[in-house]
Amino acid sequence: MSSDIILSESFWKKMPMAIFRLSDDGTFEDANEPLLHLLNLDSVAVALDLLNAGDDALIISFKERREVLEDLQKGKDKVIIDNRQIKLPDGKSVFGKMTFFFDIFPSSGEKRFWGMIEDQSEITLLKHKLRYRDDLFSSVVNSMPFELWVFDKNRMIMAQSRYSIKKWGNYEGKYVSDFPLKLGVEEEREKMYDMVLKGESFDGIERIENVGQTKFFHRILAPLKQNNSITGVVAILLDETEKIMAGHRADEIHDFLETILDAIPVRIFWKNTELQFVGGNASFLGDLGYDSEVELHGKTDYDLLMEKDADFYKGLYLEVLKTHKPILNLKMWLLIPGAGERYIMASVIPYFSSSGSIEGVLGCYQDITRMKQLENELLMHKENLEQLVDQRTTEIHQLNEELISSNDELQIVNEMLVNQKQELENTLEKLKVTQGKLIKSEKMASLGVLTAGIAHEMNNPLNFISSGMHGLEQVVKEIYQYTIDKGFQNESESGKKDPNVESLLSDLESLMGAIENGVNRTTNIVKGLRVFSRMDDEAKSRADIHEIIESALVILKNKYKYRINIHKNFEELPMIMCFPGKLSQVMLNLLMNAIQAIPGEGNITIETGLSERQKQISVRITDDGAGIPAELQKKIFDPFFTTKSVNEGTGMGLALVESMVKDHDGDISFTTREGAGTSFTIILPQE
């Protein structure tokens, strides 16, 4: 049968499968009725316009059609595009399998290109549904907080949920015996598996001791069925440890609270919204003469109290239920059956459920009968006390008259006290004058030290100057005589200097250096004296603390040289606002004390620096002398306290030092160790 007959117009257009014809350049030329039905179109013309719309073509773009035709012309029998989604003009989609092929007419040798579309929408939709169902089932199983295991008949693990893999690791392909956690006794476990494989199920809680810990597992076993035959076991494990342990703790807390309620002496009861008793503690039941709460359940106040008392309490309960506010600390007499009349302090409060709705009222009362009796006794004592007060008042009036009569005597005593006060004030004034004299005496003592230092220190430079002057005079005479003997004319004519002249000039330079050294030392001493002399009635000014220390050392040099080494560790410090004269006195006294503390040879270290706050400076003077004995350390800043002899000091040195440091808003402290030396530290503000 020829192709002309097979693919005649009347034949392919009547085929029940959707068929279309393409030209050799990829243009859609014709389409049959099933294709129009698939695309939900009415005419071939409309279908061809949509099918030939280039990249926006309905089922396949022009570029893709050309690639298909090239493959066919290269010798391929057919080209298949499977599961192609076709979006229809009405917004719906269909899925189809497209097959492209060609046919040659024997009579003319002409090629014709064809395409067929098999509608796979139902099959694709079914696959999607099955895949969605599988994904949904897997998602649900893997998101649940329990372990899911699937075993075959040989106890091999076929599948696990994600939760079990995360907890224990992946055991798929291994056997139940490989799993570390053994639930139940082995023999009973085997019987259980055999029962499940016969079609029965198991559901129960098992307690397991695992590595010293108690665990509770809710285990569910069910047969796995496929095509009505059992192929394995499905096991679900839920760790119920926290839930069960929480239940145990809740029971323990409940028992503990019941113990507390029964132990406290306050009577407690609770009612529902119908004002019926629901429960009460042991003290409350004891007042009523009941042995258990069962006897109390369902009763109301009218079953237990006098009617007037029951009416009163009913009003309280209803108010609390209405307002949701407590009524506290009511005091009243109450007749309690079995307990008699009691004076009580009662409170009524609402209690609520976990959802916030009111469940009823809770009442409590305390038997304060004894307290009331004591209160009555106190009232009686109060009345007796008032009578006693009246009696004592009369006696006081009598005593007052006696006091008035003795007033003259008191006035005389008062005059004597006034005179004594005047005498004390005079004595105090004298003490102030004496104190001033002592302070001046201390200053004079310091001045004596100053004078001795100046006398000694100026003596040496004056000797330098004197010796230098005598030597200079002699050299000048020799030069003069030499010039007379030799004459300057010969030297100038020859252009050469005589060696003797050069020697004399060198001696002259040395003598002049000695004189300059003496002058400089004298200048330093005078400078130290000038700083020290500005102590009284001076105003604050900026000064260099290092210059003040150096001046004091110059003044005291005669006291320490040749036996005490001075070590200076000075940091770079800013100028500070201070009373320079007072600070000179402070440094002089502290250095003098350090020198006197060293009987022979020794060392004194002076350190300066910035404090931690960077707004204060510190000065530390440390000696390696005898130290201060422990019994004297608390007294060293006391006025008039001294360990020196009468002619050596007044005991005001360190007292004055402390006072002058305080004048600068500073602080002074010391550390000492007997036999190992003493260190004084002064902290001063920069401003």
Side-chain angles (χ1 to χ4, degrees), residues 1-139 142:
M1 185 178 294
S2 69
S3 299
D4 298 74
I5 298 174
I6 293 175
L7 295 178
S8 64
E9 291 291 330
S10 61
F11 183 81
W12 72 269
K13 285 199 173 185
K14 291 180 181 179
M15 290 285 289
M17 184 176 295
I19 301 176
F20 54 86
R21 189 176 69 219
L22 299 170
S23 66
D24 56 2
D25 64 354
T27 302
F28 283 94
E29 291 184 335
D30 204 352
N32 66 354
E33 194 69 26
L35 181 61
L36 297 178
H37 179 72
L38 177 66
L39 301 178
N40 198 18
L41 298 174
D42 296 330
S43 67
V44 174
V46 173
L48 293 177
D49 288 341
L50 293 174
L51 291 171
N52 288 315
D55 289 337
D56 297 327
L58 194 59
I59 60 175
I60 185 171
S61 67
F62 180 73
K63 179 181 179 181
E64 196 174 1
R65 294 197 302 271
R66 291 297 302 269
E67 291 175 354
V68 169
L69 293 182
E70 287 178 3
D71 289 341
L72 292 175
Q73 290 174 351
K74 289 179 181 179
K76 280 191 176 182
D77 292 336
K78 57 185 176 181
V79 176
I80 297 175
I81 300 176
D82 199 9
N83 202 26
R84 169 61 63 91
Q85 183 178 7
I86 303 171
K87 293 185 178 180
L88 303 180
D90 59 3
K92 296 181 181 179
S93 296
V94 296
F95 293 87
K97 176 182 179 182
M98 292 191 295
T99 303
F100 295 89
F101 60 94
F102 68 90
D103 186 42
I104 300 175
F105 286 91
S107 58
S108 62
E110 179 185 357
K111 278 187 179 180
R112 285 193 177 182
F113 298 95
W114 304 90
M116 294 188 301
I117 300 178
E118 300 179 44
D119 188 356
Q120 295 180 328
S121 298
E122 292 185 4
I123 297 174
T124 302
L125 182 61
L126 181 59
K127 288 181 179 179
H128 286 175
K129 286 182 178 180
L130 290 174
R131 188 180 299 111
Y132 174 76
R133 187 191 66 179
D134 291 342
D135 293 343
L136 179 62
F137 179 75
S138 297
S139 176
N142 288 324

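Both backbone and side-chain heavy atoms feed into the values below; hydrogens, waters and symmetry mates do not. Because the structure is a prediction, the values reported are computed rather than measured.
- Here CD1 of I59 is found 10.5 Å from CG of L50. Values are rounded to the nearest 0.5 Å.
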Under the side chain to side chain contact (heavy atoms under 4.5 Å, CB included) criterion, do R65 and L51 qualify, and how do the steps go? CA-CA 11 Å; R65 294 197 302 271; L51 291 171; 5.8 Å; no

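- Atom-to-atom distance recorded for L48:CG and T27:OG1 is 10.0 Å, nearest 0.5 angstrom.
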E67/V79 under side chain to side chain contact (heavy atoms under 4.5 Å, CB included): CA gap, chis, key distance, verdict: CA-CA 10 Å; E67 291 175 354; V79 176; over 6 Å; no

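- F100 has its ring centre less than 6.0 Å from the ring centre of F20.
- The backbone N or O of R21 sits nowhere less than 3.5 Å from a side-chain atom of R112 that would complete a donor-acceptor pair.
- Rounding to the nearest 0.5 Å gives a distance of 8.5 Å between CD1 of I60 and CG of L22.
- Of all non-hydrogen atoms in F102 and K111, the two that sit nearest each other are CE1-CE, 4.2 Å.
- Between the CG atom in L39 and the NZ atom in K87 there is a gap of 15.5 Å [rounded to 0.5 Å].
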Step by step, work out the side chain to side chain contact (heavy atoms under 4.5 Å, CB included) result for D24 and L69. CA-CA 7 Å; D24 56 2; L69 293 182; 5.8 Å; no

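- Taking a 6.0 Å sphere around CD of E33, one finds it holds 12 or fewer heavy atoms contributed by other residues, nucleotides or ligands.
- The two residues D90 and K92 come nearest to each other via the heavy atoms OD1-N, 3.1 Å.
- Between D103 and W114 the shortest heavy-atom distance is CB-NE1, 3.9 Å.
- Distance alone, capped at 3.5 Å, is enough to place a donor-acceptor pair between the N32 side chain and the M17 backbone.
- Looking at every heavy atom in both residues, G96 comes nearest to I117 through CA-CG2, 4.2 Å.
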Let's go through E64 and I81 carefully: what are the C-alpha distance in whole Å and the side-chain angles of both, what is the deciding distance for side chain to side chain contact (heavy atoms under 4.5 Å, CB included) to 0.1 Å, and is it a yes or a no? CA-CA 11 Å; E64 196 174 1; I81 300 176; 3.6 Å; yes

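- Taking every heavy atom of both residues into account, A47 and L36 meet most closely at CB-CD2, 3.4 Å.
- Atom OG1 of T99 sits about 12.5 Å away from atom CG of D77, to the nearest 0.5 Å.
- Here the CG-CG distance, from L41 to L88, works out to 7.5 Å after rounding to the nearest 0.5 Å.
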